[in-house]
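Please read all numbers here as calculations on a predicted model, not as lab measurements. All heavy atoms count here, side chains included; hydrogens, waters and symmetry mates do not. In what follows, every chain begins at residue 1, and chains take the letters A, B, ... in the order their sequences are listed.
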2 protein chains.
Amino acid sequence: MGEKITTIQDIADRLKITRSTVSRALSDSPRISDKTKKKVREIAKELNYVPNTLASNLRKGKSFTIAYVVPDISNPFFAKIGRLIESIALKEGYFLLVGSTDEDAKKEEALINNLMNRQIDGLVLASTKVNSKVVKNLVDRNFPLILFDRVDEKVDGNYVLVENEQSMQKATESLILQGCKKLGLLSITPELYPLNARIAGFKKALESNHFEINTDLIRKVDNNNIKESTHAEMAYLIEQEVDGVVFTNNTMASQAIWNVNMYYKDLAEKLKFASFDNLELFDYSLPKITSIAQPIEFIARNIAHMLLDLMDKKEMQVKKLVLEPNLIKR
Amino acid sequence: MGEKITTIQDIADRLKITRSTVSRALSDSPRISDKTKKKVREIAKELNYVPNTLASNLRKGKSFTIAYVVPDISNPFFAKIGRLIESIALKEGYFLLVGSTDEDAKKEEALINNLMNRQIDGLVLASTKVNSKVVKNLVDRNFPLILFDRVDEKVDGNYVLVENEQSMQKATESLILQGCKKLGLLSITPELYPLNARIAGFKKALESNHFEINTDLIRKVDNNNIKESTHAEMAYLIEQEVDGVVFTNNTMASQAIWNVNMYYKDLAEKLKFASFDNLELFDYSLPKITSIAQPIEFIARNIAHMLLDLMDKKEMQVKKLVLEPNLIKR
DNA sequence: CTGAAAGCGCTAACAA
DNA sequence: TTGTTAGCGCTTTCAG
């Protein structure tokens, strides 16, 4: 409670040397004698010295912090990627500050501004709003930024993403090949990239197989209430007697699997699903589900290394990485 | 690139006033005239002023940051809780710094020290090592700290946890009531709390039902390789012809479900499972699984509010909260 | 090898 | 209502 906090000055006083010497000794500068270093370390330990990184960072003009801003950090996809970035970054001395935007552009903007005030050194962002002003501004200022997941290929700036449209087209076609005659689709924020690209892929599959595109079967799920909304929309599609359903991400797909198992058990063998993103449970769950697996580790590693390079200023040239996801037919 | 960073001084110079006035104007101090505030804000915008929170925090002796240190931030349980704490904390102006320890006590210690250097204002910790020196030290110094999940009830300090032993006993007994005659158990780090308490509950259930305790059926899963290890141990238990398996957390349980569905499909209806933690998929997956659901939102809310109170010094008295989990029989 | 001095950008007592 | 002044704790040139 009433403990005095030890500073570098206290150590200096004790040894009758100056702050600068102590500072150098603690950072193991080659210009300091081993004897001094030893003494400094001893006294530091004795006084329970805790370096104040805030002060050091202010002086250095760097916070050794990177921010990870995504719609929802507890979504397995974002959680896994965050975890991997965290561990790579930590090895280089960077900590990860996380922020969830809840798919809310206003919140995202406020969050980013707040983080910039905190002098973050880099930002990894799955933006809710492609081409937002805040992001453009960062790109223009050449701020170390890696976009992912929610990016349009044409966007300025550095990004890592997976191909959306063709993959979804292939996944949908695989349902058609399995004999589906009437397909529905569920998506959150269908107007936003990359969800809209996935929907475009779905439509292309229908077109090239001469299915009629019934927009009534392309359903929007409320992202503030994914669970209930998915169930309502599934009920609707089932009423319309679809024999296959496509989902634009894993959240809705896993909800729908739950839904079918709980309320439409008899349809579990008949319905065919396809979804962007993969989950382990898709290997055995019913309805059978074809999925598009994003190479999570590869994405995370690339994001982390690209960002570290940018912060090191090793690379100032724009880097765009588009990965091919893996179609898992089931 | 070659842009000069605007400071509060630049704004002051422009308006021929002092830094302090600008500082006060920007923080909307009542002692400043509206006219001045307005002008300051205008110039701030014009010069693209970005406040430097690092400097302000240094001055205030507070970082407005709390750390969330857990074994693995991508584990759904920790991810969800982190997400909830993050949003509550943000409302009070605190950001969340995350760190995963990989169940490695050394890593955890280094991480915590590192975070303390960063002048975090509070820490939420699911420690790998109950009663470690670092944690004791924080408790002694009255540092705002909330322990959870990995805590022994007798530990000093503030914590939120769920009852482990009895819950696991009940879950195990429900398998026995369903007719299981030979039960096995899988656990990571079985020597550490709360896993050991869960195992104790398992054993008590056996004892009170006059089952013999065959320690060979209590298997350890390697936490560096949960997937492979779970599969190996499941193979062993199946070879021993168990008719029920108990898991000390959701990671192993979901792996085992996968395993049975992939390799022992014929056993899916016969085997009975029980697990600490609940997952939605348990509602419909096979083998049937009885689970112990932790009240995640309640846990998170309590952690967040307890920590905020501590940081506010509203509460300096030790708070211990033990929650009763919810047994879901299936 | 060590010291002196300046300052990172901001805030807050104390004055006026 | 505004200014003066000091300093948060640390690093780093420039001297010696």
Nearest-Å distance for atom pair CG/C1', residues B:L26 and C:dA12: 15 Å
Separation of atom NZ in A:K38 from atom P in C:dC1, rounded to whole Å: 16 Å
5' priority, DNA chain C, between B:R24 and B:A55 [closest heavy atom]: B:A55
Nearest-angstrom distance from the residue atom CG of B:N52 to P of C:dC8: 11 Å
Test item: side-chain donor near acceptor, A:R118 and B:T65, under 3.5 Å: yes
Distance test, side-chain N/O of B:S20 to OP1/OP2 of D:dG3, below 4.0 Å: no
Sugar-phosphate, base or nothing in reach of B:L54, heavy atoms under 4.0 Å: nothing
Ring geometry between A:F78 and A:F148 (parallel below 30°, tilted from 30 to 60°, perpendicular above 60°): perpendicular
Rounded distance (Å) that lies between atom P of D:dG9 and atom CZ of A:R19: 11 Å
Comparing A:V50 and B:K16 on DNA chain D - which has the more 5′ nearest nucleotide: B:K16
Spacing of B:K60 atom NZ relative to C:dA12 atom P, expressed in whole Å: 6 Å
Nearest-Å distance for atom pair CG/P, residues B:L58 and D:dA6: 19 Å
Protein-nucleotide distance (A:Q9, atom CD; C:dG3, atom C1'), rounded to Å: 12 Å
Given DNA chain D, 5'-ward residue of the pair A:T6 and A:R31, judged by closest heavy atom: A:T6
Between B:E108 and B:S132: side-chain donor-acceptor atoms closer than 3.5 Å: no
Rounded interatomic separation in angstrom, taking CD1 from A:I17 and C1' from C:dA4: 14 Å
N or O in side chain of B:S33 less than 4.0 angstrom from D:dT1 OP1/OP2: no
Sugar-phosphate only, base, or nothing, as touched by A:S56 at under 4.0 Å among non-hydrogen atoms: sugar-phosphate
Sugar-phosphate, base or nothing in reach of A:T36, heavy atoms under 4.0 Å: sugar-phosphate
Touch class at under 4.0 angstrom, heavy-atom based, for A:S23 against every strand present: base
Note: B:E103-B:R150 ion pair, threshold 4.0 Å (strictly below): yes
Touch class at under 4.0 angstrom, heavy-atom based, for B:T7 against every strand present: sugar-phosphate
Any side-chain donor near an acceptor of the partner, B:K62 and B:Y94, under 3.5 Å: yes
